[in-house]
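Everything on this sheet refers to the single structure shown next.
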Amino acid sequence: MKQEKKVNSRKKRIKRILCLFFLLAFAVVGYFAYRYYQNDKQQEDRFDQLEKVEEERDKNPVPSILPTEITNPDWIGWLKIKGTSISYPVMQREGDSEYYLHRDFDGKYSFYGTPFLDSRCTIDSDNCIIYGHNINGGRMFGALHAYSSESYYKGHQEISFRAGDEKRKYQIVSVIQTTISSPVYSFTDVGNWDEYGEYVNKILSGSLYQTEMGKQIGEELEKNTPEEFFRKYQFLTLSTCRSWVGRDARLLVVAARKTNKFG
């Protein structure tokens with residue numbers, strides 16, 4: 001009888017301990033979920049604030065002095081694809097290529113990070129590579145995965161990128177499902193026309209489907225000599241991961257604009 005009471009008492013103690021453990025675990029999970037939600041909300045509010053500043057910049061052709069709470073020397077531009085959720089600042093931190101991988105506009109920790117320009121690039125590089133996280137629900141650069149569908153591309157062919165004080169329009173050339181070893185990541189600035197043409201060929205040949213701009217560039221590449229075609233276009237590459245495929249899997253949406261600034 002005494003032995004049975006001891007066993008029952010021990011079981012009760014174990015149950016109480018387990019209950020306390022699960023209550024504590026629930027409280028910890030709830031706390032971090034709340035913190036995650038708060039950080040998420042703060043970053044979204046910050047992006048909304050910055051977008052309003054960007055809209056004012058569009059209305060005023062003369063560069064204006066930004067409010068103190070908005071300025072950040074790492075803020076180099078604004079990326080937007082009309083009709084999509086993509087409308088974000090673009091950052092670049094001198095001396096730290098992945099500074100904004102997990103930081104918000106103000107440099108605080110953020111799981112989402114903020115889109116940033118490859119440290120090897122300038123806004124006038126032959127190919128400007130911008131990185132952004134693939135977030136569930138089509139947030140951040142997760143929205144780019146809709147371009148796997150050709151019909152989606154047809155309704156969203158243009159990318160706007162304010163680089164410094166210059167407003168630029170790029171037409172989508174190629175949508176590529178690839179890995180981190182893609183040669184497109186090596187294409188930033190090139191010193192000769194043969195290398196330039198080779199990179200452009202790889203961009204065109206790797207596409208899931210042919211785009212209107214891709215067809216145009218392909219025809220010009222065939223008709224022109226390498227010297228004539230050299231730096232005829234400036235490219236813009238948006239890069240994000242395909243985590244469900246593999247750790248090294250990537251999606252690239254490559255766009256281009258014809259420019260007379262190069263060559």
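Because the structure is a prediction, the values reported are computed rather than measured.
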Under a 3.5 Å distance rule, please check whether [X] uses its side chain to pair with a backbone N or O of [Y] as donor and acceptor.
X: Arg231; Y: Val190; value: yes
X: Thr188; Y: Arg120; value: no
X: Ser97; Y: Ser119; value: no
X: Thr240; Y: Gly132; value: yes
X: Glu228; Y: Thr225; value: yes

For the residue pair [X] and [Y], what are the closest heavy atoms and their distance?
X: Ser160; Y: Lys169; answer: OG-NZ, 2.9 Å
X: Gln210; Y: Glu150; answer: O-OE2, 4.1 Å
X: Ile203; Y: Ile176; answer: O-CD1, 3.8 Å

Distance from [X] atom [atom1] to [Y] atom [atom2], nearest 0.5 Å?
X: Ser207; Y: Gln177; atom1: OG; atom2: CD; value: 10.0 Å
X: Ile76; Y: Arg162; atom1: CD1; atom2: CZ; value: 9.0 Å
X: Ser239; Y: Asn134; atom1: OG; atom2: CG; value: 10.5 Å
X: Glu219; Y: Ile217; atom1: CD; atom2: CD1; value: 11.0 Å
X: Gln216; Y: Thr211; atom1: CD; atom2: OG1; value: 9.5 Å
X: Cys128; Y: Leu238; atom1: SG; atom2: CG; value: 10.5 Å

Sequence neighbours excluded, every pair satisfying salt bridge (charged side-chain N to carboxylate O under 4.0 Å, His left out) that has a member inside residues 70-84: Glu51-Lys80, Asp74-Arg93
Salt bridge (charged side-chain N to carboxylate O under 4.0 Å, His left out) contacts in which one or both residues fall within residues 174-186, not counting sequence neighbours: none
Full working for side chain to side chain contact (heavy atoms under 4.5 Å, CB included) between Leu251 and Val175: CA-CA 7 Å; Leu251 176 81; Val175 178; 4.0 Å; yes
Matching residue for Tyr170 among Gln234, Glu158, Gln157 - test: side chain to side chain donor-acceptor pair (under 3.5 Å): Gln234
Quick check: do [X] and [Y] have side-chain heavy atoms less than 4.5 Å from each other?
X: Ile129; Y: Leu252; answer: no
X: Trp75; Y: Met91; answer: yes
X: Asp118; Y: Thr237; answer: no
X: His102; Y: His133; answer: yes
X: Leu79; Y: Leu236; answer: yes
X: Val184; Y: Asn127; answer: yes
X: Met140; Y: Pro115; answer: yes
X: Leu208; Y: Tyr153; answer: no

Polar contact flag, side-chain donor to acceptor under 3.5 angstrom, Gln43-Ser110: yes
Donor-acceptor pair between Thr179 and Asp248 side chains, under 3.5 angstrom: no
Aromatic ring proximity, centroids under 6.0 angstrom, Tyr99 and Phe116: no
Ring-ring centroid check Tyr152 Tyr147, cutoff 6.0 Å: yes
Sidechain N-carboxylate O distance under 4.0 Å for Arg46, Asp104: no
Matching residue for Tyr199 among Tyr185, Phe230, Phe187, Trp193 - test: ring-ring contact (aromatic ring centres under 6.0 Å, His included): Phe187
Plane angle bin for Phe47 and Tyr88 - parallel if under 30°, tilted between 30 and 60°, otherwise perpendicular: perpendicular
